[in-house]
Structure formats: structure tokens, C-alpha cells
There are 2 protein chains.
Amino acid sequence: MDNSSQGLANYLQCNNIRPTYPRVKVLEFLVVQQNHPTAEDIYLHLVREIPSLSKTTVYNTLKLLVDRGLAKVVNIEENEMRYDVILTKHGHFKCESCGKIVDFPVNIEDIGTEGLDGFKIHEKDVLFRGVCPQCLGREKNGG
Amino acid sequence: MDNSSQGLANYLQCNNIRPTYPRVKVLEFLVVQQNHPTAEDIYLHLVREIPSLSKTTVYNTLKLLVDRGLAKVVNIEENEMRYDVILTKHGHFKCESCGKIVDFPVNIEDIGTEGLDGFKIHEKDVLFRGVCPQCLGREKNGG
DNA sequence: CATAAATTTGTAATAATTATAATATTCTAT
DNA sequence: ATAGAATATTATAATTATTACAAATTTATG
Ligand SMILES: [Mn+2]
Ligand SMILES: [Mn+2]
Ligand SMILES: [Zn+2]
Ligand SMILES: [Zn+2]
């Protein structure tokens, strides 16, 4: 296991997750890419290095990371789940043209909760949709 | 077609949607229930009255309503799409215990968009998760 | 009525995720 | 070091929501 993976292995160990090779690599992909990848994205990338890798292992690992609080599910797509290791509060913007998902800062406490008296709130998500600057530029030129 | 359906038929007609019986009934269900139902929910309810109803028709109608701007998709669940005919800006709270989804007022313009300069924003969603008052009460008592 | 257009329906295809059980690996105690 | 227990990985099948497709039905139009 190379140097950059060592810290992640430790991180898993600290959270009582055995740092097996597939697990470290899944976490590494999430941390390095920060792309909110799908399970499929992760599998397709890692299977090149780990030919024996099973998609089930990717799903198992992601479920484990989410259950232990090391990752979060991002539900901005209709059909597929995406995963995020940035645990600090932030919003997600999805470009309807190229599909990419970008983080943006948002002060979630600014959002009032009138009308939710008596509700226990565990999680607050802010999801925007639109077109990113790159795609807007492309529309102006080639479009 | 009964009286309450007549207004909805008109509403469809005004939006250049032929007010067929299944379409009026799907819209009526959305308007009356305001429950953010799934396609399955709608189908199971309406098929009792319209035995010939096909689930494809429900999906077709929902797609039509969304495309023409008469309904919106609510993507608060991981796996299934829900539908909403309330078009004014509001947030959605999902109870993790009983699964119900409730609307709440939210001033979406309050959410800053620093970090999204140059982005064209089409849609802003606010999704909360937690436990509703009824389920909180049940936890305290029946545990 | 005849014909064309639109709608509905049943069936099959897709695709993401989960369930299950066999196999392989790792841990623990002797 | 080794046996047995616990855990992790894998392949496969099952589940489920949604979409694709084409035949059948209904509705509109001349
Ligand atoms: Mn993020
Ligand atoms: Mn709503
Ligand atoms: Zn883009
Ligand atoms: Zn509840």
C-alpha cells in the first residue's frame, strides 16, 4: 500500500473499519476525485487496478462508509446515488447540460424552519440545478 | 365526469392537454391528496376505479404534466420519484420514521449563491430529513 | 362513414441496487 | 504454526422503478 493510502488506512482503522485493499481504494477514489461519483464510476475506475473487484464490494463499502458517517449520499439525480466525503455543510449544483455536480458554500442555518415546529431535523440539503459556466460558453459559441 | 373534475379538465385544456379520463383522474389525485405520491401510489388508487388503467399511462401522464409545467418531480427519496402539483416555492421535509413528506415555507432567495458566479440557476430545492411530531410522540410513548 | 392522429395498453427491456450463499481472507486462541 | 471462528469478497440471482416499443383502442376531422 503506497504512502498516500496509508493515511486513509489509518482513518478507516480509527473508525473501526478494517482497512482492506478494496476499502482503502474506494475511499481514496472518493477523496482524490471529489466528483460525487456513482458506485458504477468507482467500480469502473478501480477494476482496472483490482481485476477481481466485485461491484457488490463497492456497494458494501459505500454502505459501510455512509453508515459509519465517513461519507454521505447525494441524491441529486433521479435514478442513481452519488457519494461525497466532504462532510462539512455545503450545497450541490447540478449542471443539466454536462451533468457534473459542483459544491458551493451555503449557510444552511440561514434557512428558516417556520412551519416545522415540533419536527426533529437531522439533515438539511440544498440542491440547485441549472447550467455551468463552461456549458453556457459552449452554447454561446458552438450552440 | 363529475363536478370537481370539470375544473381540472378545463385546466388541462387551457394547457393544451386533452383532458382524457385517465389524465383528469391522475391530476385529480395529485391535487386532492397533495401527498407527493409515487407513480405506483397513483396507479394503485386509480386502478380500482379504472380497471383497464395501465401503469404506463400513469407514467405518460406524469411526464406530460411535468413537461408542460403543471407538476414537478420531488426527488427526496433515493429510489423513486414523487410528484407535486404545488408550484409555488416551498421546501420538503421527509420523516425518516413514517416516510411522509410535508411541505414547509422557505424563502429560497435567502439562500446565497456566492461561489456560483457565472452559473445559470434554473431550480432551487431545499430538502430536510428528520422525524415528524407524530412519530416523535409515538417514540416517547410506545417506544 | 372513412381516414388520420392521438392515446392507451400490455409486454419487454433497462438499469440501479440489494439479497443470498459460496469462497476466500484475516483474526484469535491454542 | 495451526485450527477454528469471524469477517470480507465474490458471483449470481432477485427486486424494483422506469422507459421503450408496438399493437389496439379511442378521438378528431373531412
Ligand atoms: Mn459535495
Ligand atoms: Mn410539496
Ligand atoms: Zn455543464
Ligand atoms: Zn413520521
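Just so you know, these numbers use all the heavy atoms, side chains as well, and skip hydrogens, waters and symmetry mates. Please read these numbers as outputs of a predicted model, since none were measured by experiment. Residue numbers start from 1 in every chain, and the chains themselves are labelled A, B, ... in the order their sequence lines are given, proteins ahead of strands.
- Regarding A:Glu80, its CD atom lies at a distance of 13 Å from the P atom of C:dT18, rounded to whole Å.
- Mapping B:Lys63 and A:Thr61 onto DNA chain D via the closest heavy atom, the residue that lands nearer the 5' end is A:Thr61.
- Separating the CG atom of A:Asn16 from the C1' atom of C:dC27 is a distance of 15 Å, rounded to the nearest angstrom.
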Would you please test B:Glu77 and B:Lys94 for salt bridge (charged side-chain N to carboxylate O under 4.0 Å, His left out) and show each step?
CA-CA 9 Å; B:Glu77 303 258 5; B:Lys94 180 186 177 191; 3.0 Å; yes
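- Comparing C:dT17, D:dT10, C:dT8 by their nearest atom to the side chain of A:Asn60 picks out D:dT10.
- A centroid separation of less than 6.0 Å is found between the aromatic rings of B:Phe128 and B:Phe104.
- Between A:Thr20 and C:dT25 there is no side-chain N or O to OP1 or OP2 distance below 4.0 Å.
- Rounded to whole angstrom, the span from the OH atom of A:Tyr83 across to the P atom of C:dA16 amounts to 12 Å.
- Contact between the side-chain N/O atoms of B:Thr56 and the OP1/OP2 oxygens of C:dT9 is not found at any separation under 4.0 Å.
- No side-chain N or O of B:His92 forms a donor-acceptor pair with one of B:Asp125 less than 3.5 Å apart.
- The distance from atom CD1 of A:Ile17 to atom P of D:dT7 is 14 Å, rounded to the nearest whole Å.
- Across all their heavy atoms, A:Ile76 and B:Asn75 have their closest contact at O-ND2, 4.4 Å.
- In the set D:dT9, D:dT18, C:dT17, C:dT17 carries the atom at the smallest distance from any side-chain atom of A:Met81.
- Sequence order on DNA chain C of the closest nucleotides to A:Tyr59 and B:Arg18 puts B:Arg18 first from the 5' end.
- When only modelled atom types and interatomic distance are considered, B:Asn60 and B:Thr57 share no side-chain donor-acceptor pair under 3.5 Å.
- In this structure, A:Arg68 atom CZ and D:dT7 atom P are separated by 11 Å, rounded to whole Å.
- Summarising the geometry, the separation between CG on B:Leu46 and P on C:dT8 is reported as 12 Å, rounded to the nearest angstrom.
- Across the protein-nucleic acid pair, B:Glu40 atom CD and D:dT18 atom C1' stand 12 Å apart, rounded to whole Å.
- Here the C1' atom of nucleotide D:dA20 and the NZ atom of B:Lys55 are 16 Å apart, to the nearest Å.
- For C:dT8, the OP1/OP2 oxygens have no side-chain nitrogen or oxygen of B:Ser54 closer than 4.0 Å.
- Nucleic acid contact class of A:Ser52 (heavy atoms, under 4.0 Å, all strands): sugar-phosphate only.
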